[in-house]
Amino acid sequence: MEDKIAKLREMIAESDNIVFFGGAGVSTESGIPDFRSVDGLYNQKWKYPPETILSHSFFERDPEEYYRFHREKLVIDGVKPNRAHLRLAQLEQEGKLKAVITQNIDGLHQAAGSKNVLELHGSILRAYCSRCRRPYPAEQMNKGTGVPRCSCGGVIRPDIVLYEEALDEDILRRSIAYIRNADILIIGGTSLNVYPAAGLINYYRGNKLVLINLSETPYDSYADLIIHEKIGEVFSRV
Ligand code: APR
């Protein structure tokens, strides 16, 4: 591991155009379970499969059950950015990292101080009315019981991309541009299972693709440097 860390440290030292692409594995060291690991959200027993609950059609059909899941599983109080979030924010401040592109909805990159964060799947910290689109603070959804409603009568929903929903065109376009022009693309804490997010890395044209992930991914063979270690540990040493 030491020689790989040294290699990554050298690559980072020599570049001023790094882009980071991350997933739920970046936040596990902050106490937020990921989705597909053994103890991940999708392997926990719930009334319906979590992937079903986190879909547009389920939200429309049974908002009551969605909000039971949301308050129990998605809202985790007191979580803090970890060493990976903090080092990425520092690399941006040093002018080395151009963008964080994340599949996460927890807002921890911004909490760590990152400014240019592209949230492919939105954020659980924002909410809006599904009928009139009036914005609401997240507390409106997270506190109390039952289905939160807007003054217009519409259901208030989180500003996240549910299954069956499209990603934001502008965020996709900007993410592709950063990845296409990146000198180094560092991918971390993601199983690269979910499209179109995972497909974005095909736009990378450089020869410094770094993959930092505890388990193997379908893209391991494309990486120029693979580190199968905890990402917080790795970033604390580069
Ligand atoms: N350090 C490095 N890797 C880690 C760590 C860690 N501390 N903890 C977990 N991992 C790895 C796991 O081995 C796993 O391969 O992170 C990966 C997380 O993968 P998933 O749980 O599939 O999460 P993610 O890739 O972000 O899922 C993508 O799926 O359901 C959708 O919208 C949801 O954004 C999510 C998307």
Side-chain angles (χ1 to χ4, degrees), residues 1 4-5 8 20-44 46 48-59 66 69-70 73-76 79-88 100-109 112 117-126 157-168 171-172 175 185-201 210-223 225-238:
M1 154 117 147
K4 289 190 171 186
I5 297 279
L8 180 57
F20 180 77
F21 178 96
V26 180
S27 294
T28 53
E29 293 169 62
S30 295
I32 300 178
D34 65 15
F35 293 95
R36 296 174 182 83
S37 289
V38 170
D39 56 350
L41 198 57
Y42 293 168
N43 293 316
Q44 295 175 20
W46 192 263
Y48 302 92
E51 296 95 312
T52 302
I53 299 175
L54 292 171
S55 70
H56 180 86
S57 44
F58 189 92
F59 183 87
Y66 168 82
F69 182 83
H70 174 106
K73 294 290 177 186
L74 296 188
V75 179
I76 302 180
V79 288
K80 295 257 181 301
N82 62 54
R83 297 175 296 178
H85 299 107
L86 294 166
R87 184 67 182 112
L88 285 163
V100 167
I101 300 166
T102 184
Q103 301 168 88
N104 296 348
I105 59 174
D106 56 34
L108 287 179
H109 285 292
V117 180
L118 296 154
E119 295 172 314
L120 294 172
H121 294 161
S123 171
I124 201 82
L125 305 181
R126 298 188 299 269
R157 60 160 289 169
D159 185 12
I160 61 176
V161 178
L162 294 168
Y163 278 107
E164 303 158 7
E165 293 180 340
L167 275 65
D168 179 285
I171 290 181
L172 268 178
S175 300
L185 176 61
I186 303 178
I187 301 167
T190 175
S191 62
L192 294 171
N193 259 305
V194 171
Y195 287 79
L200 292 187
I201 67 175
V210 180
L211 193 42
I212 306 169
N213 205 60
L214 274 181
S215 56
E216 287 199 8
T217 77
Y219 284 82
D220 279 23
S221 59
Y222 295 87
L225 177 64
I226 298 188
I227 305 177
H228 286 310
E229 300 289 345
K230 294 181 81 168
I231 190 164
E233 176 62 30
V234 173
F235 269 111
S236 71
R237 297 167 61 183
V238 292

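Below, each value reflects all heavy atoms present in this structure, side chains not excepted, and no hydrogens, waters or symmetry copies. In listed order, ligands and their atoms are each counted from 1.
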Worksheet entry | Heavy atom of Gly232, distance to ligand 1 below 4.0 Å | no
Practice prompt. Give a yes or no answer on whether the side chain of His228 reaches the backbone of Asn213 with a donor-acceptor pair at less than 3.5 Å.
Written response: yes
Worksheet item: Side chains of Leu167 and His121: closer than 4.5 Å at any heavy-atom pair?
Response: yes
Discussion item. So if I apply the side-chain hydrogen bond (donor to acceptor under 3.5 Å, both in side chains) rule between Asn82 and each of Ser30, Ser236, Ser27, which one comes out positive?
Written reply: Ser30
Practice prompt. Can you measure from CD1 (Ile32) to NZ (Lys73) and round to the nearest 0.5 angstrom?
Written response: 13.5 Å
Worksheet item: After noting the C-alpha distance and the side-chain angles of Ile53 and Phe59, does the key distance pass the side-chain contact (heavy atoms from CB on, under 4.5 Å) rule?
Response: CA-CA 7 Å; Ile53 299 175; Phe59 183 87; over 6 Å; no
Worksheet, complete the sentence: Ranked by distance from atom 26 (O) of ligand 1, the top protein heavy atom is Ala24 N, 2.8 Å
Worksheet item: Any donor and acceptor pair, going by atom type alone, linking the side chain of Lys4 with main-chain N or O of Ile226 inside 3.5 Å?
Response: yes
Worksheet item: Among the heavy atoms of Gly189, does any lie under 4.0 Å from an atom of ligand 1?
Response: yes
Item to complete: Please confirm whether Ile231 comes within less than 3.5 Å of ligand 1 when only nitrogen or oxygen atoms on both sides are compared.
Response: yes
Worksheet item: With a 4.5 Å limit on heavy-atom distance, are the side chains of Glu164 and Ser57 in contact?
Response: yes
Item to complete: Find all atoms of ligand 1 within a distance of less than 4.0 Å from any non-hydrogen atom belonging to Glu29, and give their numbers and elements.
Response: 1 (N), 6 (C), 7 (N)
Worksheet entry | Electrostatic pair Arg157-Glu165, nearest N-O below 4.0 angstrom | yes
Discussion item. Checking the N or O distance criterion of under 3.5 Å, is ligand 1 in contact with Ile212?
Written reply: no
Discussion item. How far is atom 28 (C) of ligand 1 from the closest protein heavy atom, and which atom is that?
Written reply: Gln103 OE1, 3.3 Å
Discussion item. Give me the nearest non-hydrogen protein atom to atom 32 (O) of ligand 1 as residue plus atom name, then the distance to 0.1 Å.
Written reply: His121 ND1, 3.3 Å
Worksheet item: In terms of atom number and element, which parts of ligand 1 are under 4.0 angstrom from non-hydrogen atoms of Tyr42?
Response: 30 (O), 31 (C)
Worksheet item: Where is the nearest protein heavy atom to atom 31 (C) of ligand 1: which residue, which atom, and how far?
Response: Tyr163 OH, 3.3 Å
Worksheet entry | Distance filter under 4.0 Å to Glu229 heavy atoms, resulting ligand 1 atoms | 1 (N), 2 (C)
Discussion item. So, regarding Val194 and ligand 1 (criterion: nitrogen or oxygen to nitrogen or oxygen, under 3.5 Å), is there a contact or not?
Written reply: no
Discussion item. Looking only at protein heavy atoms, which one is nearest to atom 19 (O) of ligand 1, and what is the separation?
Written reply: Ser191 N, 3.2 Å
Worksheet item: Is the number of heavy atoms from other residues, nucleotides or ligands under 6.0 Å of Tyr222 OH greater than 12?
Response: no
Practice prompt. Report yes if Thr190 has an N/O atom closer than 3.5 Å to an N/O atom of ligand 1; otherwise report no.
Written response: yes
Response to the item:
re atom 6 (C) of ligand 1, the protein heavy-atom contact at minimum distance is Gly25 O, 3.4 Å
Worksheet item: With only distance considered, is Lys230 within less than 3.5 Å of ligand 1 through an N or O on each side?
Response: no
Fill in: Mode of Glu51 contact toward ligand 1 - side chain, backbone, both, neither (heavy atoms, under 4.0 Å)
neither
Item to complete: List every atom of ligand 1 that sits less than 4.0 Å from any heavy atom of Gly23, numbering the atoms from 1 in the order shown and giving each element.
Response: 26 (O)
Worksheet item: Do the non-hydrogen side-chain atoms of Phe58 and Leu162 ever get within less than 4.5 Å of each other?
Response: no
Response to the item:
re atom 11 (C) of ligand 1, the protein heavy-atom contact at minimum distance is Asn213 OD1, 3.3 Å
Worksheet item: How close does the nearest protein non-hydrogen atom get to atom 35 (C) of ligand 1, and which residue and atom is it?
Response: Phe35 CE1, 3.5 Å
Item to complete: Go through the steps to decide whether Asn104 and His109 satisfy the test side-chain hydrogen bond (donor to acceptor under 3.5 Å, both in side chains), and finish with yes or no.
Response: CA-CA 9 Å; Asn104 296 348; His109 285 292; 4.9 Å; no
Worksheet item: If you count the atoms of ligand 1 from 1 in the order shown, which ones are under 4.0 Å from a heavy atom of Ser215?
Response: 12 (C), 13 (O), 14 (C), 15 (O)
Discussion item. Within the structure, is a non-hydrogen atom of Glu233 found at a distance of less than 4.0 Å from ligand 1?
Written reply: no
